[in-house]
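Input: a single structure, listed below in structure tokens.
In what follows, chains are A, B, ... by sequence order, proteins preceding strands, each numbered from 1. On a predicted model such as this, the values are computed, not experimentally measured, just so you know. Atom set for the values below is all heavy atoms of this structure, side chains included, hydrogens, waters and symmetry mates excluded.
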2 protein chains.
Amino acid sequence: MAHQDAIAYQSHDHHHCIEGAMKAARQLCRQRGVQLTGQREAVLRLVWQSHRPVGAYDLLGQLPDNRNGRKPAPTTVYRALDFLREHGLVHRLDSLNAYIGCPHPGQQHDGVFLICRHCRHVQELPGERVRQTLKPLLTAQGFSPDALLMEIPGVCPRCQQDGEGA
Amino acid sequence: MAHQDAIAYQSHDHHHCIEGAMKAARQLCRQRGVQLTGQREAVLRLVWQSHRPVGAYDLLGQLPDNRNGRKPAPTTVYRALDFLREHGLVHRLDSLNAYIGCPHPGQQHDGVFLICRHCRHVQELPGERVRQTLKPLLTAQGFSPDALLMEIPGVCPRCQQDGEGA
DNA sequence: AAAGTGATGTTATATTGTTACATTATACCT
DNA sequence: AGGTATAATGTAACAATATAACATCACTTT
């Protein structure tokens, strides 16, 4: 798990990320007594093909035909994504209408997403610091938050280096 | 301007919010040498009808017919919204696909939006504290952010009081 | 086998947003 | 004022994202 966090901006053995995520997912579903079915696993695996967010219709296009030899309908993907999100295995990035695998599923979920507008790489950071900062402000307002998620667009270190800062 | 910030959760003279926003908009556009045309003003005024976010097609439905007696097309609203956003007069809330007036346009724009999932009231707070907290984290990652906006779903004080905490 | 539950399939449709191109209004210059 | 450039708006078609409603299938429990 620490793997992705640490070196996602560097080249790395992505196979390791994928298999780690799948294993974590299987374990979590077993623990919770829910089914990681074929479709759900397939969608999760597709989501994990990169550290970039993927649209629902992209996923749909990549899913294999079902046993009737037909393309699955949008509902299929959305249902799988709903399930995966419910169990914290993927996040939806509202600013992109897209989905990305969560590198530490099953844990408390505040988070900060650093979204590179050049290469679309997404790095998820833990949200503790933000939560600590915000807590008093929210309390002062009397506002009771559900989740503290933050999507930050910008340029990642790699793209800055490549002169893509603009 | 401080008006809305302070008492938006309380009942208040909303007319004051609207006219304040319109006046600020006119002034800002004059300063910047851009045109606050009829359409743009109409859209801004509609956005300011409440402290709740409004969808683009809602706005569209409320716009008067154009001089040909026809309903304006979606493009019309999106163009107006683009303009208003460009000048910081409205924000788009990605988590809702909806738009809301900015209570302090023309200023630096980090911000935190407290979105009540019950009554949909939105309270915008200044983002300084969050920025201060995040700065070192982002620097450590080498990530160069464009904007720090945060949408926080939850329950507002008023709805909590009304027993709508669930 | 029957009944219940969860998962998937199927079809249609809703919602949100964009592209491309034509026309009209406004500002600017001489 | 007339002519020209630029900004704004109109129009039509369509793309992208998401949901609703209902039927079927699979698996478990009885």
Here the distance between atom C1' of dG6(C) and atom NE2 of His87(A), to the nearest Å, is 12 Å
First contact, last contact: which nucleotides of DNA chain D are these for chain A, 5' to 3', heavy-atom distance under 4.0 Å? dT17(D) to dA26(D)
Indicate yes or no: at least one non-hydrogen side-chain atom of Leu114(A) is less than 4.5 angstrom from one of Tyr9(A). yes
Salt bridge (Lys or Arg N to Asp or Glu O under 4.0 Å) partners of Arg26(B), counting only residues at least two apart: Glu41(B)
Anything under 3.5 Å between a donor and an acceptor, one on a side chain of residues 132-140 of chain A, the other on a protein residue two or more places apart or in another chain? List them.
residue   : atom : partner   : partner atom : Å
Thr133(A) : OG1  : Arg129(A) : O            : 2.9
Thr133(A) : OG1  : Thr133(B) : OG1          : 2.6
Thr139(A) : OG1  : Lys135(A) : O            : 2.8

Please tell me whether His14(B) and His12(B) form a close aromatic pair, meaning their ring centres lie under 6.0 Å apart. yes
Inter-residue atom distance Arg52(A).CZ - Ser50(A).OG, 0.5 Å rounding: 4.5 Å
So do Leu93(A) and Val122(A) actually touch side chain to side chain, heavy atoms under 4.5 Å? yes
Residues in salt bridge (Lys or Arg N to Asp or Glu O under 4.0 Å) with Glu19(A), at least two apart? Arg45(A)
Starting from P on dA7(C), measure out to CG on Asn68(A) and report it in whole angstrom. 20 Å
Would you list the pairs meeting side chain to side chain donor-acceptor pair (under 3.5 Å) in which at least one residue belongs to residues 89-101 of chain A, sequence neighbours left out? His91(A)-His109(A), His91(A)-Glu124(A), Arg92(A)-Asp94(A), Arg92(A)-Asn97(A), Arg92(A)-Tyr99(A), Ser95(A)-Glu151(A)
Enumerate the residues from residues 38-47 of chain A whose closest heavy atom to DNA chain C is under 4.0 Å, giving them by residue number; use none for an empty result. Gln39(A), Arg40(A)
Does Val130(B) reach the side chain of Asp110(B), with side-chain heavy atoms less than 4.5 Å apart? no
Please give me the minimum heavy-atom distance between Ala24(B) and Pro105(B), naming the atom from each residue. CB-CG, 4.3 Å
Which residues share a side chain to side chain contact (heavy atoms under 4.5 Å, CB included) with Thr37(B), sequence neighbours left out: Gln35(B), Gln39(B), Arg40(B)
With a non-hydrogen cut-off below 4.0 angstrom, is Arg79(B) in contact with a base, only sugar-phosphate, or nothing? base
Does any non-hydrogen side-chain atom of Val54(B) lie less than 4.5 Å from one of Leu46(B)? no
Polar atom pairs (N or O), protein with nucleotides 14-18 of chain C, under 3.5 Å:
residue : atom : partner  : partner atom : Å
dG17(C) : OP1  : Arg92(B) : NH1          : 2.1
dG17(C) : OP1  : Arg92(B) : NH2          : 3.0
dG17(C) : OP2  : Tyr78(B) : OH           : 2.9
dG17(C) : OP2  : Tyr99(B) : OH           : 3.4
dG17(C) : O5'  : Tyr78(B) : OH           : 3.3
dG17(C) : N7   : Tyr57(B) : OH           : 2.5
dG17(C) : O6   : Tyr57(B) : OH           : 3.2

Which atom pairs link the protein and nucleotides 23-28 of chain C when you take only N or O atoms and keep those under 3.5 Å?
residue : atom : partner  : partner atom : Å
dA25(C) : OP1  : Arg67(B) : NH1          : 2.9

Give me each pair satisfying side chain to side chain donor-acceptor pair (under 3.5 Å) with a member in residues 53-69 of chain A, each pair once, sequence neighbours excluded. Asp65(A)-Lys71(A)
The helix from dA1(C)-dT30(D) to dT30(C)-dA1(D): angle between end helix axes, five pairs per end, rounded to 10 degrees: 20°
For Arg32(A), give me all partners under side chain to side chain contact (heavy atoms under 4.5 Å, CB included), at least two apart in sequence or on another chain. Leu28(A), Val34(A), His87(A)
Rounded to the nearest 0.5 Å, the CZ atom of Arg120(A) sits from the SG atom of Cys156(A) at a distance of 12.0 Å
